[in-house]
Amino acid sequence: MAKPKLKEHIINREWCKGCGICVHFCPKKVLELDDTDKVVAARPQDCICCKLCELRCPDLAIEVIVERQ
Amino acid sequence: MAIKDYLRERFFPHMWCPGCGHGIVLNNMLRSIEQLGLSKNEIVMVSGIGCSSRISGYVDFHTLHTIHGRALAFATGVKLGLPELNVIVPMGDGDALAIGGNHFIHAARRNIDITAIVMNNRIYGMTGGQFSPLSGIGTMATTAPFRNIDHDFDVAELSKAAGATFVARTTTFHAKQITDIIKQAILHEGFSVVEILTQCPTYFGRKNREGSASNMMELYKKNTTPIGSQAKQENPELIERGILHEVEAPEYCNEYDKIIKAAMKGK
Ligand SMILES: Cc1ncc(C[n+]2csc(CCOP(=O)(O)OP(=O)(O)O)c2C)c(N)n1
Ligand code: SF4
Ligand code: SF4
């Protein structure tokens with residue numbers, strides 16, 4: 001199976017409360033909180049599409065969209 | 001169906017504090033339901049009162065938001081009336097085992113086909129951080145400023161002893177396991193108890209100096225182990241995760257049906 005390729009992170013800035021769980025647990029340090037304490041994908045090129053950020057988000061505010069193979 | 005389609009999006013962002021584990025339970029419970037391919041109309045969610053119980057307001061199933069500690073009593077009525085529906089009852093540790101302890105053991109004893117999810121943050125979140133029957137000795141709470149001296153229940157052992165036929169435990173750190181276990185709990189025919197350790201950074205975390213929500217989840221990783229692991233033998237303090245108990249036993253609604261048939265004989 002080919003490695004999944006990232007299309008984009010869809011981040012719902014209205015729902016994100018800046019708890020930092022996704023930032024803390026991302027294995028590739030892709031995510032950061034910006035100066036308004038909302039998550040942004042600062043280094044999307046490093047994302048391995050493990051979706052752990054999406055699964056652990058308490059606010060259902062982040063979705064990892066993978067390219068269709 | 002995408003998990004968002006199971007939400008009542010008009011109530012978002014939700015009321016839980018930043019980093020509250022209850023949202024992670026919601027997130028992954030919806031994934032279980034999506035993976036089982038259940039439609040909204042096949043599910044009834046019944047909850048009581050507490051931060052955890054607010055979960056029923058956010059899902060677009062049949063929902064009942066009832067009274068503190070009594071969700072299982074309402075759920076028993078719903079299930080007996082409409083046994084073809086999947087009944088899910090999320091509860092806080094206070095809701096399930098303090099005020100609701102009696103309903104809890106009797107629902108387990110009857111082995112009625114309900115999925116009970118105990119969202120265990122070891123404290124009363126909604127009312128300001130009082131200790132609960134799951135806080136445990138030595139913990140701090142607003143009502144235990146010099147440390148708690150009450151023993152805690154082991155939810156899994158209690159459920160098993162009371163007659164639950166499916167008992168499992170996991171944590172918000174182990175998000176994929178939440179999905180996997182809730183799926184199996186829903187499929188199990190009988191009373192299923194899923195205990196999920198979920199962080200309350202606002203009260204339990206702050207009172208017990210456990211740090212941020214992420215740090216509390218790091219503790220779930222550190223302090224738990226898969227059931228039957230070598231690590232548990234080396235360190236008995238570790239809390240076991242996984243399916244702890246699963247047996248087949250006559251289910252309450254089925255037995256009740258038999259009684260109706262017997263009573264109706266010749267009529
Ligand atoms: C009959 C009754 N007694 C007490 C209360 C006050 N009360 C509301 S929620 C709650 C406990 C909340 O703790 P828990 O069930 O553990 O849920 P959490 O908020 O931590 O998710 C209490 C005591 C109530 N609403 N009704
Ligand atoms: S999918 Fe995995 S690697 Fe990509 S941002 Fe999320 S946690 Fe990080
Ligand atoms: S008080 Fe605790 S349980 Fe309630 S929403 Fe806040 S973090 Fe969650």
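As a basis for the values below, the full set of heavy atoms in this structure was taken, side chains included, without hydrogen atoms, waters or symmetry mates.
Atoms CD1 and CD1, on B:Ile24 and A:Ile21 in that order, are 4.0 Å from each other to the nearest 0.5 Å.
Within the 4.5 angstrom heavy-atom criterion, only side-chain atoms of B:Ile3, from C-beta onward, approach chain A.
Other residues, nucleotides and ligands contribute at most 12 non-hydrogen atoms within 6.0 Å of the CZ atom of B:Phe153.
Contact count versus chain B (heavy atoms, under 4.5 Å) is highest, among A:Cys19, A:Ala61, A:Gly18, A:Cys16, for A:Cys19.
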Between chain B and chain A, identify every pair of one donor and one acceptor N or O atom lying under 3.5 Å apart.
residue	atom	partner	partner atom	Å
B:His14	O	A:Lys17	NZ	2.9
B:His14	ND1	A:Lys17	NZ	2.8
B:His14	NE2	A:Pro58	O	2.8
B:His14	NE2	A:Asp59	OD1	3.2
B:Trp16	O	A:Lys17	NZ	2.6
B:Asn27	ND2	A:Glu54	O	2.9
B:Asn27	ND2	A:Cys57	O	3.0
B:Asn28	ND2	A:Leu55	O	2.9
B:Arg31	NH1	A:Glu54	OE2	3.3
B:Phe173	O	A:Arg56	NE	2.8
B:Phe173	O	A:Arg56	NH2	3.1
B:Glu218	OE2	A:His24	NE2	2.7

